[in-house]
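All remarks here apply to the structure that follows.
Count residues from 1 along the sequence.
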Amino acid sequence: MAAEITFLGHAGLLVSDGSHTVAIDPFLTGNPVAVHKPDDIRCQAIALTHGHPDHLGDSVAIAKANDATVVGAFELTEYFGEQGVKTEPMNPGGQVDFDFGFIALTQAFHSNSYEGRYMGMPCGVVLSLGGVTLYHCGDTALFGDMKLIGELYRPDIACVPIGDRFTMGPRLGTTAAELIQPKVAIPVHYKTWPLLAQSADGFRPTGIEVKEMEPGETWQYG
Ligand code: NI
Ligand code: MN
């Protein structure tokens with residue numbers, strides 16, 4: 001049981017077991033903190049929490065360059081299908097099995113559009129790869145069923161947005177992590193722009209290891 005997590009900056013990640021890599025919300029072009037370029041990304045699948053540009057990001061180019069499958073909410077995958085990209089359409093509550101493990105979508109309380117187009121439900125992504133389970137909350141408000149999601153999937157790692165304004169801030173993010181009960185919580189969606197919280201100092205869930213990652217940093221879990 002091991003996975004290599006690379007933080008792409010903002011809310012983007014690469015999760016790899018050595019032979020399979022899944023990108024989550026790969027927003028690189030126009031991301032002021034990103035270290036990677038779209039051409040640097042090698043992956044077999046791209047899981048998207050929603051279609052806002054700071055999440056959808058470079059997904060079309062990365063999917064085409066890698067012949068990768070885009071996994072996400074139904075309307076969002078319709079958009080990618082129109083771009084000639086392979087897709088796995090889903091919606092919250094559903095799970096799809098892959099040769100590396102599975103991806104499930106959860107609810108998230110947010111909005112979801114791209115260039116004025118409705119992109120379906122905003123979601124959280126549960127990714128199981130290399131025997132490691134990671135719950136990326138997506139962009140979301142706090143909700144009590146995070147406790148249920150934690151009980152259902154028992155994530156090793158949770159990626160919790162803490163930038164405030166568009167998502168939870170550090171205080172509500174702390175409660176979210178305490179509801180989810182992962183072994184490790186990674187704060188995301190902060191510090192990218194002046195509009196967002198600039199520090200994870202207030203993100204201190206009791207009894208849960210907090211892993212603050214720098215853009216471009218890779219970390220081995222397990
Ligand atoms: Ni968003
Ligand atoms: Mn966002």
Start with the C-alpha gap between R171 and E178, add the side-chain angles, then the distance that decides, and say whether salt bridge (charged side-chain N to carboxylate O under 4.0 Å, His left out) holds. CA-CA 11 Å; R171 185 170 79 89; E178 290 172 349; over 6 Å; no
Worksheet item: Under the ring-ring contact (aromatic ring centres under 6.0 Å, His included) criterion, do Y153 and Y135 qualify, and how do the steps go?
Response: CA-CA 8 Å; Y153 296 105; Y135 169 32; 7.7 Å; no
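A chain of hydrophobic side-chain contacts below 4.5 Å, direct or via other Ile, Leu, Val, Met, Phe, Trp or Tyr residues, connects M119 to V85. Cluster annotation: Y221 and L134 are assigned to the same hydrophobic cluster (Ile/Leu/Val/Met/Phe/Trp/Tyr, side-chain heavy-atom contacts under 4.5 Å, transitive).
Annotation: the span from W219 atom CH2 to I157 atom CD1 amounts to 4.5 Å, rounded to 0.5 Å. A distance of 11.5 Å separates CD of Q44 from CZ of F98, quoted to the nearest 0.5 Å. For the atom pair CG (L129) and CZ (F102), the distance works out to 10.5 Å, reported to the nearest 0.5 Å. Of the inter-residue distances, the one linking Y118 atom OH with E78 atom CD reads 10.5 Å to the nearest 0.5 angstrom. Taken to the nearest 0.5 Å, the CD1 atom of I186 stands 6.0 Å off from the CD1 atom of I5. Atom CG of D58 sits about 10.0 Å away from atom NZ of K37, to the nearest 0.5 Å.
By the 4.5 Å heavy-atom criterion applied to side chains, V125 and L105 are counted as neighbours. The shortest distance between side-chain heavy atoms of V96 and V71 does not fall below 4.5 Å. Counting heavy atoms from C-beta on, the side chains of H52 and S111 come closer than 4.5 Å. Between P122 and T140 there is no side-chain heavy-atom pair separated by less than 4.5 Å. In this structure the side chain of V70 reaches within 4.5 angstrom of the side chain of L76, judged on heavy atoms. A heavy-atom distance below 4.5 Å is found between the side chains of V126 and T133.
Using cut-offs of 30° and 60° for the angle between ring planes, the H50 and H110 rings count as perpendicular.
Under the side chain to side chain contact (heavy atoms under 4.5 Å, CB included) test applied with L142, the options T174, V160, L179, T167 reduce to a single match, L179. Under the side chain to side chain contact (heavy atoms under 4.5 Å, CB included) test applied with S59, the options I46, L28, D25, I41 reduce to a single match, I46.
Around the CZ atom of R117, the shell of radius 6.0 Å holds more than 12 heavy atoms that belong to other residues, nucleotides or ligands.
Two rings, from H189 and H55, have their centers less than 6.0 Å apart.
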Would you be so kind as to tabulate the donor-acceptor pairs closer than 3.5 Å made by side chains of residues 191-200, with sequence neighbours excluded?
{"residue": "T192", "atom": "OG1", "partner": "H10", "partner atom": "ND1", "Å": "2.7"}
{"residue": "T192", "atom": "OG1", "partner": "Y190", "partner atom": "O", "Å": "3.3"}
{"residue": "Q198", "atom": "NE2", "partner": "W193", "partner atom": "O", "Å": "2.8"}
{"residue": "Q198", "atom": "NE2", "partner": "L196", "partner atom": "O", "Å": "2.6"}
{"residue": "S199", "atom": "OG", "partner": "D201", "partner atom": "N", "Å": "2.9"}
{"residue": "S199", "atom": "OG", "partner": "D201", "partner atom": "OD1", "Å": "3.2"}
{"residue": "S199", "atom": "OG", "partner": "D201", "partner atom": "OD2", "Å": "3.2"}

